Amino acid sequence: MKALVLLSGGLDSATCLALAVKKYGKENVIALSVSYGQKHTKEIEAAGKIADYYGVEKTDLDLSLIFKFSDCSLLASSNEEIPHDSYAKQLESTDGAPVSTYVPFRNGLFLSSAAAIAISRKCSVIYYGAHSDDAAGSAYPDCSDVFNNAMNTAIYEGSGRQLEIEAPFVGMTKADVVKMGIELDVPYELTWSCYEGAEKPCGQCGTCIDRAKAFELNNIADPAIKE
């Protein structure tokens with residue numbers, strides 16, 4: 001069996017890659033890195049470093065044109081500022097709608113595109129790193145268990161029952177993911193999660209806040225944060 005892993009360069013996807021390599025062997029794993037028009041290339045660069053670390057094949061895909069009509073604050077085409085607040089705080093002002101850093105149906109597009117590539121490369125499973133913290137409160141509805149099950153059914157049936165989705169963290173918190181990653185010796189020092197593209201993580205955006213909390217709950221320092 002072969003696996004295709006959606007590798008963003010962040011903490012969760014790096015842990016996914018580690019799981020896939022452990023289960024299938026690096027020679028049977030392909031990493032897929034997707035550009036979607038984000039404001040910086042830090043995650044893409046991190047994905048390359050992580051793929052090299054594990055010695056897996058990496059392929060790149062550009063979906064930026066699909067998102068050119070969006071005003072998502074993560075996109076280079078947007079004039080919106082990236083919020084410096086927790087997702088919980090952001091949701092207080094959205095009336096239950098997704099937060100401004102939600103890229104419209106991103107995981108749906110990523111998984112559909114990955115399915116086409118996976119079938120062509122004779123992979124039988126796609127791994128991606130959605131977890132329960134991102135789905136909570138509908139901050140990112142395309143990270144939920146309901147979404148994952150629906151996409152898995154669509155891809156399984158639409159591929160002639162050749163291909164499935166594996167979202168190993170969909171019922172886990174980010175702290176749970178970090179705990180697993182520590183056990184797998186994931187090189188978190190190579191990952192990049194921050195929505196900003198500065199030299200160092202901002203420490204104030206939603207994903208930086210969640211990441212810091214996840215390491216704190218595991219009683220270890222984030223190895224990507226240099227003093």
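Only a predicted model underlies this, so the values are computations on that prediction, with no experimental measurement involved.
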Establish, yes or no, whether the cationic atom of Arg106 lies under 6.0 Å from the six-membered ring centre of Tyr36 and within 45° of the ring axis.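 Judged by the rule, Arg106 and Tyr36 form a cation-pi pair.
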Aromatic rings Phe215 and Tyr188: how do their planes relate, parallel, tilted or perpendicular, breaks at 30° and 60°?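 Geometry flag for Tyr188 against Phe215: perpendicular rings.
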Would you indicate whether the side-chain heavy atoms of [Y] and [X] approach each other to under 4.5 Å?
X      : Y      : result
Ser113 : Leu61  : yes
Tyr195 : Cys202 : no
Pro83  : Ser73  : yes
Glu45  : Trp192 : no
Lys23  : Leu19  : no
Tyr128 : Leu111 : yes
Ser35  : Leu63  : no
Val99  : Leu91  : yes

Say you draw a straight line from [atom1] of [X] to [atom2] of [Y]; how long is it, rounded to the nearest 0.5 Å?
X      : Y      : atom1 : atom2 : value
Tyr140 : Asn107 : OH    : CG    : 10.5 Å
His131 : Asp12  : NE2   : CG    : 4.0 Å
Glu164 : Thr153 : CD    : OG1   : 9.5 Å
Phe105 : Phe67  : CZ    : CZ    : 10.0 Å
Glu43  : Thr207 : CD    : OG1   : 7.5 Å
Glu216 : Asn218 : CD    : CG    : 10.5 Å

Does atom [atom1] ([X]) have a neighbourhood of more than 12 heavy atoms from anything else shown, all under 6.0 Å?
X     : atom1 : value
Glu81 : CD    : no
Lys2  : NZ    : yes
Asn79 : CG    : no

Show the nearest heavy-atom pair for residues [X] and [Y], with the distance to one decimal.
X      : Y      : result
Cys72  : Ser78  : O-CB, 3.0 Å
Val34  : Gln38  : O-NE2, 4.0 Å
Thr15  : Val177 : OG1-CG1, 3.8 Å
Gly108 : Asp142 : N-OD2, 4.4 Å
Leu4   : Ala114 : CD2-CB, 3.8 Å
Ser33  : Ile44  : OG-CD1, 3.4 Å

List the steps and the verdict of side chain to side chain contact (heavy atoms under 4.5 Å, CB included) for Val56 and Ile30. CA-CA 6 Å; Val56 300; Ile30 300 169; over 6 Å; no
Examine [X] and [Y] and state if one hydrophobic cluster contains both, with Ile, Leu, Val, Met, Phe, Trp and Tyr joined whenever side-chain heavy atoms are less than 4.5 Å apart.
X      : Y      : answer
Leu217 : Val178 : no
Phe110 : Val125 : no
Tyr54  : Leu184 : yes
Val21  : Leu7   : yes
Ile126 : Phe169 : no

Carboxylate-amine/guanidinium contact [X] [Y], below 4.0 Å:
X      : Y      : result
Glu183 : Lys179 : no
Lys58  : Asp60  : yes
Glu199 : Lys42  : no

I'd like to know if the side chain of [X] reaches the main chain of [Y], judged simply by a donor and an acceptor atom lying under 3.5 Å from each other, with no hydrogens or angles considered.
X      : Y      : value
Glu57  : Val29  : no
Asn148 : Ser144 : no
Thr94  : Pro98  : no
Asp133 : Lys174 : yes
Ser112 : Leu109 : no
Thr101 : Leu74  : no

For Glu196, run the side-chain contact (heavy atoms from CB on, under 4.5 Å) check against Lys39, His40, His84 and tell me which one passes.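 For Glu196, the side-chain contact (heavy atoms from CB on, under 4.5 Å) check succeeds only for His84.
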One pair to check against side chain to side chain contact (heavy atoms under 4.5 Å, CB included): Ser100 and Glu80. What are the steps and the verdict? CA-CA 8 Å; Ser100 78; Glu80 295 290 322; 5.7 Å; no
For Met1 and Asn28, run side chain to side chain contact (heavy atoms under 4.5 Å, CB included): C-alpha distance rounded to whole Å, both residues' side-chain angles, the deciding distance at 0.1 Å, then the answer. CA-CA 7 Å; Met1 291 179 66; Asn28 294 314; over 6 Å; no
Dump the intermediate steps for side chain to side chain contact (heavy atoms under 4.5 Å, CB included) on Asp176 and Met180, then the final yes or no. CA-CA 6 Å; Asp176 294 331; Met180 181 181 290; over 6 Å; no
Under 3.5 Å, is there a donor-acceptor pair linking the side chains of Thr59 and Arg121?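 Arg121 and Thr59 do not have a side-chain donor-acceptor pair below 3.5 Å.
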